[in-house]
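To start, the structure itself, in structure tokens.
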Amino acid sequence: ETGVTQSPTHLIKTRGQQVTLRCSSQSGHNTVSWYQQALGQGPQFIFQYYREEENGRGNFPPRFSGLQFPNYSSELNVNALELDDSALYLCASSPNPQQQETQYFGPGTRLLVL
Amino acid sequence: AQSVTQLGSHVSVSEGALVLLRCNYSSSVPPYLFWYVQYPNQGLQLLLKYTSAATLVKGINGFEAEFKKSETSFHLTKPSAHMSDAAEYFCAVSPSGAGSYQLTFGKGTKLSVIP
């Protein structure tokens with residue numbers, strides 16, 4: 001069974017640029033959530049996708065957007081990058097969007113904005 | 001709104017000693033509770049979760065946690081620390097009532113194990 005994978009592992013961008021991060025969910029999982037983890041902090045919920053529809057969003061501005069594809073893989077897009085966007089971005093998949101369901105995390109993409 | 005407080009950003013224990021990592025939650029209804037572990041440069045791995053069944057939950061690697069509603073706590077323990085337990089630990093809460101499905105995490109506790 002393949003776990004959650006993310007690409008790229010590291011990325012360096014400059015302020016104002018746009019970035020796309022990718023996530024492949026675990027086999028059999030139809031729900032993907034994205035989290036931002038700033039240095040020294042716990043992960044913060046960005047949004048969740050269930051069967052290609054946004055199923056909940058945290059307190060992030062609209063320049064953070066996402067997609068989920070028919071194979072349940074997902075993308076996180078961030079426009080107009082700011083220095084504070086530098087963080088580890090974590091993708092997590094689960095078999096369904098039930099609140100007690102375990103979320104399985106990928107290794108993350110570390111984004112540095114200069 | 002729900003929140004999680006982890007007391008102590010850094011905890012040091014000797015190898016073989018008891019590990020106790022504290023987590024208190026704030027929620028209008030008893031939530032679902034999770035403990036995750038993060039090793040350096042890795043994602044998060046689930047240790048255990050409470051989903052309103054038994055209040056004492058056993059997880060992987062010898063960890064366990066007890067849900068105490070009266071204290072709004074879900075502390076993580078392990079009887080005997082091992083060097084491989086050195087990592088960062090996150091407590092998280094998910095609402096059990098209506099609402100969006102998301103995990104709210106604490107700020108984490110970094111566990112150091114002294115040989």
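Just so it is clear, the values below take in all heavy atoms, side chains as well, and ignore hydrogens, waters and symmetry mates.
- Using a 4.5 Å cut-off between heavy atoms, A:Gln41 touches chain B through backbone and side chain atoms alike.
- The OH atom of B:Tyr32 lies 10.5 Å from the CD atom of A:Glu101; values are rounded to the nearest 0.5 Å.
- Atom CD of residue A:Gln103 and atom CD of residue B:Gln102 lie 9.5 Å apart, to the nearest 0.5 angstrom.
- Considering only heavy-atom pairs separated by less than 4.5 Å from chain B, the leading option among A:Gly42, A:Pro43, A:Ser94 is A:Pro43.
- Around the CG atom of A:Asn71, the shell of radius 6.0 Å holds more than 12 heavy atoms that belong to other residues, nucleotides or ligands.
- To the nearest 0.5 angstrom, B:Leu103 atom CG is 3.5 Å from A:Tyr35 atom OH.
- Contact annotation for A:Gln37: only side-chain heavy atoms (C-beta onward) come within less than 4.5 Å of a heavy atom of chain B.
- Put simply, CG on B:Leu46 and OH on A:Tyr104 are 7.0 Å apart, with the number rounded to the nearest 0.5 Å.
- When atom types are taken as modelled, the side chain of B:Tyr36 and the backbone of A:Phe105 share no donor-acceptor pair closer than 3.5 angstrom.
- Within a 6.0 Å radius of CZ in A:Arg15, no more than 12 heavy atoms belonging to other residues, nucleotides or ligands are found.
- For B:Lys107, the parts lying near chain A are the backbone and the side chain together; criterion is any non-hydrogen pair under 4.5 Å.
- Contacts between B:Gln38 and chain A at a heavy-atom distance below 4.5 Å involve the side chain alone, from C-beta outward.
- Heavy atoms of other residues, nucleotides or ligands lying less than 6.0 angstrom from CG of A:Leu112 number more than 12.
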